[in-house]
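Every heavy atom of this structure was used, including side-chain atoms; hydrogens, water molecules and symmetry mates were not. Quantities reported herein were computed from a predicted structural model and do not represent experimental measurements. Counting starts at 1 for both ligands and their atoms, in listed order.
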Amino acid sequence: MTHPLSDRINSLPVSQTLAMAAKARELKGQGIDIISLSLGEPDFNTPDFIKDAAIEAIHQNYNSYSPVDGYVELKEAICTKFKRDNDLVYEPNQIVVSTGAKQSIANIAQVLLNPGDEVLLPAPYWVSYSAIAILCEAKFVEIPSSIDDDFKITPAQLEAAITPKTKMVFFNSPNNPSGSIYSEKEYRALAAVLENHPQIYVLSDEIYEHINYGAKPFSFAAIESMYDRTITVNGLAKAFAMTGWRIGYIGAPQWIAKACTKMQGQITSGTNCIAQRAAITAVLAPVEKVQYMVDEFKTRRDIVLDLLGKVEGFKLNVPEGAFYIFPDVSAFFGKTIKGFKIENANDFSLFLLEKANVATVTGDAFGAPNCIRMSYAASEAQLREAIQRIQDALS
Ligand code: GLU
């Protein structure tokens with residue numbers, strides 16, 4: 001039976017990251033020993049000093065609605081962080097706190113995009129970017145890259161993708177799913193293209209900022225000519241192991257921040273008040289306090305690259321940040337292994353789930369159909385076991 005759902009929801013794809021995580025959970029629930037490398041979620045606990053701040057907020061009776069755009073103390077703390085880490089000067093009236101960076105991005109798209117507008121997505125890109133554009137009836141346009149280019153696009157590619165209808169471009173560095181980081185020089189070269197197209201706004205998603213292995217990410221809005229048309233998105237989920245707390249935020253031109261507040265005021269109101277109070281402590285904490293997680297991620301990245309590098313058919317690069325590897329697995333396409341026919345990355349991901357009991361996410365969801373995404377935000381033992389299983393399944 002077909003239910004009378006709206007065209008809007010019917011045209012929306014399911015989030016493949018969340019779908020794969022749900023599938024892995026379901027199989028585990030059935031007693032199958034699945035190793036889930038699907039979800040981008042730190043496997044650490046939220047640091048105690050942040051938990052303590054939340055407990056304190058509960059005792060101080062923070063229980064009422066907060067201002068829609070966030071507590072002023074949190075917005076001030078975010079301004080301090082932007083200056084400290086990103087050399088960006090924002091005033092509190094340019095900040096909007098939301099229920100996760102995902103809502104921040106959805107707000108921005110809703111307030112800037114009209115039906116028919118074009119959004120440029122350098123691929124690979126995070127699964128929800130395209131879906132959020134679809135919800136605005138905008139057209140998303142992929143700009144492809146490959147593992148040989150470290151999954152980065154060139155200024156010439158950007159120029160070629162621009163049309164009179166282009167309204168936005170989404171940048172994400174460190175990138176989910178590739179882990180690539182654009183250098184200041186590379187970003188400045190892309191900005192030089194955009195300087196000739198003043199109608200284009202930039203969404204710079206910097207949620208993985210602190211998870212980098214030496215190459216400190218550069219903020220796109222720090223390019224003077226881009227500041228007035230860039231929206232910087234960040235949040236606490238990844239660096240502070242606070243995925244479930246749902247705190248994201250933007251720094252933006254004031255008129256965009258105001259519009260996002262208006263949008264949010266009709267949809268969710270202010271974000272959870274306890275999480276916001278704890279976020280003040282997290283945002284102001286020296287980044288060194290969470291460095292132990294980054295160090296651990298780096299160790300794991302190196303282990304995964306070493307072990308997977310020995311498995312024939314996996315083409316790898318060295319991601320400089322985030323906690324994903326994004327191997328090109330096209331060498332397996334057209335093969336039948338253990339009776340399983342592999343035509344594409346989706347088949348390969350299903351093969352790994354069925355024959356190795358390892359959950360990954362197909363690259364199609366990220367606009368990169370030759371690849372699969374594997375998160376190494378899992379214990380070293382699990383990672384070693386997962387790769388052993390993959391090796392066994394392929395042998
Ligand atoms: N951003 C994470 C990921 O890519 C969490 C899941 C999601 O929201 O997509 O796995």
Peer 1: Could a heavy atom of Arg373 be found less than 4.0 Å from some atom of ligand 1?
Peer 2: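 For ligand 1, residue contact (heavy atoms, under 4.0 Å) with Arg373 is present.
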
Peer 1: Is NZ or CZ of Lys289 both nearer than 6.0 Å to the six-membered ring centre of Phe49 and within 45° of the ring axis?
Peer 2: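 Pair Lys289/Phe49 counts as cation-pi.
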
Peer 1: Establish, yes or no, whether the cationic atom of Arg300 lies under 6.0 Å from the six-membered ring centre of Phe323 and within 45° of the ring axis.
Peer 2: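 No.
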
Peer 1: Side chain, backbone, both or neither: which applies to Gln16 and ligand 1 if a contact is any heavy-atom pair less than 4.0 Å apart?
Peer 2: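 Neither part.
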
Peer 1: So which bit of Phe366 gets within less than 4.0 Å of ligand 1, heavy atoms only: side chain, backbone, both or neither?
Peer 2: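 Within the 4.0 Å criterion, Phe366 makes no contact with ligand 1.
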
Peer 1: For Pro124, does its backbone N or O pair with a side-chain atom of Asn175 as donor and acceptor, under 3.5 Å?
Peer 2: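 Indeed, once roles are kept as given, a pair shorter than 3.5 Å links the two residues.
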
Peer 1: To check you understand the geometry: which heavy-atom pair defines the closest contact between Glu206 and Ser219, and what is its length?
Peer 2: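 Shortest heavy-atom separation between Glu206 and Ser219 comes out as OE1-OG, 2.8 Å.
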
Peer 1: Provide the number and element of each atom of ligand 1 under 4.0 Å from a heavy atom of Lys238.
Peer 2: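 Near Lys238, meaning under 4.0 Å from one of its heavy atoms, ligand 1 has 1 (N), 2 (C), 5 (C).
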
Peer 1: Aromatic contact between Phe170 and Tyr125, with the criterion being ring centroids under 6.0 Å apart: yes or no?
Peer 2: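 No, the ring centres sit 6.0 Å or more apart.
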
Peer 1: Between Phe82, Tyr90, Phe220, which is the residue that forms a ring-ring contact (aromatic ring centres under 6.0 Å, His included) with Tyr227?
Peer 2: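 Between Tyr227 and the candidates, ring-ring contact (aromatic ring centres under 6.0 Å, His included) is satisfied uniquely by Tyr90.
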
Peer 1: Heavy atom under 4.0 Å from ligand 1: found in Val361's side chain, backbone, both, or neither?
Peer 2: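 Contact part for Val361 vs ligand 1: neither.
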
Peer 1: Between Thr243 and ligand 1, find which residue part has any heavy-atom pair under 4.0 Å and reply side chain, backbone, both or neither.
Peer 2: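 Looking at Thr243 and ligand 1, no heavy atom falls under 4.0 Å.
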
Peer 1: Using a 3.5 Å distance criterion without hydrogens, assess whether the side chain of Asn172 forms a donor-acceptor pair with backbone atoms of Asp205.
Peer 2: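 Confirmed, Asn172 side chain pairs with Asp205 backbone.
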
Peer 1: Does ligand 1 have an atom under 4.0 Å from some heavy atom of Phe323?
Peer 2: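 The answer is no: ligand 1 sits nowhere under 4.0 Å from a heavy atom of Phe323.
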
Peer 1: Any nitrogen or oxygen of Gly40, main chain or side chain, under 3.5 Å from a nitrogen or oxygen of ligand 1?
Peer 2: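 By distance alone, the answer is yes.
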
Peer 1: Counting only heavy atoms closer than 4.0 Å, does ligand 1 sit against the backbone of Met20, its side chain, both, or neither?
Peer 2: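 Near ligand 1, Met20 shows nothing, with every heavy atom at 4.0 Å or more.
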
Peer 1: Counting only heavy atoms closer than 4.0 Å, does ligand 1 sit against the backbone of Lys102, its side chain, both, or neither?
Peer 2: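 Under 4.0 Å from ligand 1, Lys102 contributes side-chain atoms alone.
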
Peer 1: Can an N or O of Ser15 be found at a distance shorter than 3.5 Å from an N or O of ligand 1?
Peer 2: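 Among all N and O atoms of Ser15, none is under 3.5 Å from an N or O of ligand 1.
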
Peer 1: Which residue, Thr360, Asn176, Thr362, forms the side chain to side chain donor-acceptor pair (under 3.5 Å) with Arg373?
Peer 2: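 Considering Thr360, Asn176, Thr362, a side chain to side chain donor-acceptor pair (under 3.5 Å) with Arg373 is found only for Asn176.
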
